[in-house]
Amino acid sequence: MLDFLGTLERTHRCGELRASDAGKEVVIMGWVNRRRDHGNLIFLDVRDRSGIIQVVLDKELVPEGHAKGEQVRPEYVVAAVGKLRLRAKDAINPKMPTGEVELETTKLLVLNDTKLAPFSPADEAIANEEVRLKFRYVDLRRHEMQRNFRLRHDITLAIRESLSRQGFLEIETPILCKSTPEGARDFLVPSRVHAGEFYALPQSPQIFKQLLMISGFDRYFQIARCFRDEDLRADRQLEFTQVDLEMSFPRQDSVFAVVEDFLTSGFAAAGITLPKPFPRITYDESMRLYGSDKPDMRLPGLTDVRAAFADADLDSLKFDPALPVIALRIPNVGELSRKEREDNHPLFDEKKGAKFIDDFKRLAKSFPAAVDKIRELTGAQEADFVIIVAGDPAHHIQASDTKFPGRLSEREIAVFSAAGNFRVELSKKYADRHGAFKVTDEVVVAAAANSEADVKPGPLDGAQAFQPIWVTDFPMFEYDAEHKQWMPAHHPFTSPHESDMANLLTDPASVRANCYDLAMNGLELGSGSIRIHSQDVQKQIFTSLKISEEEAKARFGFFLDALEYGTPPHGGHRAGA
RNA sequence: GGGGACGUAGCUCAGUUGGUUAGAGCGCUGCCCUGUCACGGCAGAGGUCGCGGGUUCGAGCCCCGUCGUCCCCGCCA
């Protein structure tokens, strides 16, 4: 028989109770996490979103309460009334935040019973995804899930506060809308009124936010839901959330300052301190130093050691002398056996037209002078694992050899990125040995522990663990070999560098974009650009993309019209949430 | 669209070369227990080995098909 709640009111959340509350008359309500029945003495762990408190039912003192405690099972909903008391010294549980106290119960109400779910929120091992989703409401009772939701709330609140403080207005944009030509497949919603026609769900608020700038809202942001009907991955969902923003009259620096502020605020809400301002690197430098446009800077970068080799050396090693010779080193990996090295071979992508030498010892025997020089250039220690990556003349990839002053050719990029990918794969594989990722794990664990308490301890220094960096000056276009045409690397509204405009038609590969990514630890956190605000430039871009006027009109018509009605210079950013 | 792994008790999983009655831990049910906190003790229930077909004297195990789940590639401007 269930009890009625009546006029009883909760006085505290379970997890909030501390030694300083001892002596108080307390009413708590929640779910039974575990029951420990000692016959005449029963302990109930009662749980709500704040945590767990031990409720004691003594048959001698409260026979009715004890009798109810005997019927109670895990996940029953109960209310317990009584006096909070300090536990005896030898009964203190240092593993629980509430472990110094317990509730000496005078009255126990059973508010609801439960069917037996296939798993319990108190379980250590978690059930498979399918079962968890079917019983989502039970799964979400788990401490870890409650903590994640809370953390997300804290972070988005901090982001809203930061952006609002910086003069941004949060504005919602339509969900049911016209299909816009972005990269992914649209989700479609059939229209009841217009049979046979469909609404599309937005892949991002890109067009809307640019329209808002044209409308004079000046600074806009939105924590926006985006929809893309593409195949899933473990870290990719059909609907996801972005922090989306756009501002008028921006310089690139002003966008960076805004993003750095909301991001550091968000991390601070998770108890992690990021140093401001974030470092910056151009796309070309990033390719040169990390072989990637989203560098992971927790480990040493790449070193071009071409100069260490005489031309004759390169010839006998069958390295392409026109391309960089790259040393990549991963600290403290130690010496690898031949078998271990062979197991690593599949991690290297030979299709990029590059080859490698991973037997540094043998290289030292044949080319001692070169190896000395490499050690000097890379600062490699005895215990470091060093691999040489170079262009393979036998494996020429299809690429133009055009080179621009101070910029990388496609073929160079191919070698750098082959080395960069290898660096990342090997870093993951030998994470235990170099230990550079461990710092991150430790900070994450510590931050998670912080977020469990209502009052957070001091912030953690995440400077070593989380290394954000701006990557700037991306190429404007990428060559799509399959369709034999130039494609926008970002999107077609990204503005080109003013100084590169002259090459738009003659030499698309050389044009840099006012476009930037924010990378952290080898992941892309977000990206953005300064947009095109002039109809003129926009037309030139379409021309170089070989998009005809009719086609442009059909695909972006209303947006191009809008550009003709007083569009301010504007730019923005979006970041995954 | 392509590739891989998996599917055995409510949950997490083991099951050897194809061989008698398919196991463990947790959970569940009953009984005992006044200081536990992943309480403990005793007893017990619980299985269409995803499904269909085949090979075999004999299939959880081998083969074919099928369904489902997860992961990866393509895809995600």
Side-chain angles (χ1 to χ4, degrees), chain A residues 32-47 51-63 66 69-71 73-75 85 87-104 114-135 138-139 180-187 203-204 206-207 226-240 242 346 349 351 474-478 480 482-483 485-494 513 515 524 527 529 541 545 547 555-556 574 576:
Chain A
V32 174
N33 198 58
R34 278 205 172 85
R35 189 178 73 118
R36 291 177 294 279
D37 186 346
H38 289 236
N40 289 331
L41 185 69
I42 297 173
F43 298 100
L44 299 180
D45 289 342
V46 178
R47 181 196 69 232
I52 288 171
I53 183 74
Q54 174 162 281
V55 165
V56 187
L57 297 158
D58 191 321
K59 191 171 190 179
E60 265 180 32
L61 301 176
V62 271
H66 179 272
E70 285 187 316
Q71 303 157 23
R73 292 291 176 271
E75 298 312 304
R85 70 179 177 208
R87 295 196 193 183
K89 274 221 171 63
D90 56 350
I92 287 174
N93 184 349
K95 285 186 278 183
M96 300 172 71
T98 61
E100 287 182 74
V101 290
E102 63 190 2
L103 186 62
E104 182 184 357
T114 180
K115 285 171 91 171
L116 189 64
F119 61 95
S120 148
D123 283 348
E124 303 279 308
I126 52 175
N128 70 65
E129 188 103 19
E130 219 179 339
V131 180
R132 285 172 59 197
L133 288 175
K134 183 169 175 190
F135 293 87
V138 177
D139 191 39
T180 53
E182 295 176 84
R185 271 185 291 270
D186 285 321
F187 269 105
Q203 297 178 24
S204 75
Q206 181 64 36
I207 297 269
C226 307
F227 306 87
R228 292 178 192 174
D229 188 9
E230 295 293 341
D231 289 345
L232 298 170
R233 283 289 184 286
D235 59 348
R236 202 163 78 197
Q237 289 174 318
L238 301 175
E239 52 177 306
F240 57 95
Q242 289 183 345
D349 186 0
K351 280 185 228 114
F474 273 75
M476 183 82 185
F477 305 105
E478 280 168 358
D480 180 345
E482 194 185 335
H483 298 96
Q485 61 179 351
W486 292 96
M487 303 285 289
H490 188 55
H491 58 58
F493 313 123
T494 303
C515 172
E524 185 201 313
S527 73
S529 61
I541 297 297
L545 288 170
I547 296 175
R555 286 169 64 185
F556 315 100
R574 50 118 206 128

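Each chain gets a letter, A, B and so on, in the order the sequences are listed, and its residues count up from 1.
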What's [X] touching, base or sugar-phosphate or nothing? Going by heavy atoms closer than 4.0 Å.
X	value
Pro74(A)	sugar-phosphate
Arg73(A)	sugar-phosphate
Ala489(A)	sugar-phosphate

Subject >> Interatomic spacing from CG in Leu44(A) to CG in Leu57(A) - rounded to 0.5 Å >> reply: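 Reported to 0.5 Å precision, the distance equals 5.0 Å.
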Whether the [X] and [Y] side chains hold a donor-acceptor pair (N or O, under 3.5 Å, no angle test) is what I'd like checked.
X	Y	answer
Arg574(A)	Ser527(A)	yes
Gln54(A)	Arg36(A)	yes
Asn40(A)	Glu60(A)	no

Original post:
Can you tell me if CD on Gln237(A) sees more than 12 non-hydrogen neighbours from other groups inside 6.0 Å?
Top reply: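 Open: at most 12 neighbouring heavy atoms sit under 6.0 Å from CD of Gln237(A).
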Original post:
When you measure from the side chain of Glu239(A) to the backbone N and O of Phe227(A), does any donor-acceptor pair fall under 3.5 Å?
Top reply: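 Flag not set: sc Glu239(A) to bb Phe227(A) has no pair under 3.5 Å.
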Any N/O pairs under 3.5 Å between the protein and nucleotides 10-14 of chain B? List them or say none.
| unit_1 | atom_1 | unit_2 | atom_2 | d |
| --- | --- | --- | --- | --- |
| G10(B) | O2' | Pro118(A) | O | 3.1 |
| C11(B) | O4' | Pro118(A) | O | 3.1 |
| U12(B) | OP1 | Asn128(A) | N | 2.7 |
| U12(B) | OP1 | Asn128(A) | ND2 | 3.1 |

Atom [atom1], compared across [N] and [M]: separation rounded to whole Å:
N	M	atom1	answer
A43(B)	C62(B)	P	37 Å
G65(B)	A77(B)	P	37 Å
U16(B)	G7(B)	P	12 Å
C37(B)	C31(B)	C1'	23 Å
G44(B)	G35(B)	P	28 Å

Original post:
Thinking salt bridges, do Arg87(A) and Glu100(A) make one under a 4.0 Å N-O criterion?
Top reply: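 Salt bridge between Arg87(A) and Glu100(A), a charged N being under 4.0 Å from a carboxylate O: no.
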Subject >> Ionic contact status for Arg35(A) with Asp37(A), cut-off 4.0 Å >> reply: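 Yes, Asp37(A) and Arg35(A) are salt-bridged.
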Original post:
Which listed nucleotide (G74(B), C28(B), C72(B)) is nearest to the side chain of Leu116(A)?
Top reply: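 Of G74(B), C28(B), C72(B), C28(B) is nearest to the side chain of Leu116(A).
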Subject >> Heavy-atom check, side chain of Val56(A) versus side chain of Leu41(A), under 4.5 Å >> reply: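 SC-SC contact between Val56(A) and Leu41(A) confirmed.
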Original post:
Do His38(A) and Phe43(A) make the cut of ring centroids closer than 6.0 angstrom?
Top reply: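 Yes; Phe43(A) has its ring centre under 6.0 Å from that of His38(A).
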Original post:
Could you write nucleotides 34-40 of chain B as a row of B, S and -, 5' to 3', where a protein heavy atom under 4.0 Å of any base atom gives B, of only sugar-phosphate atoms gives S, and otherwise -?
Top reply: BBBBSB-
Original post:
Which stems, defined as runs of 3 or more consecutive Watson-Crick or G-U wobble pairs with both pairing distances under 3.5 Å, involve RNA chain B?
Top reply: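 If one scans RNA chain B for consecutive Watson-Crick or G-U pairs, the stems found are B:1-7 with B:67-73, B:10-13 with B:23-26, B:28-32 with B:40-44, B:50-54 with B:62-66.
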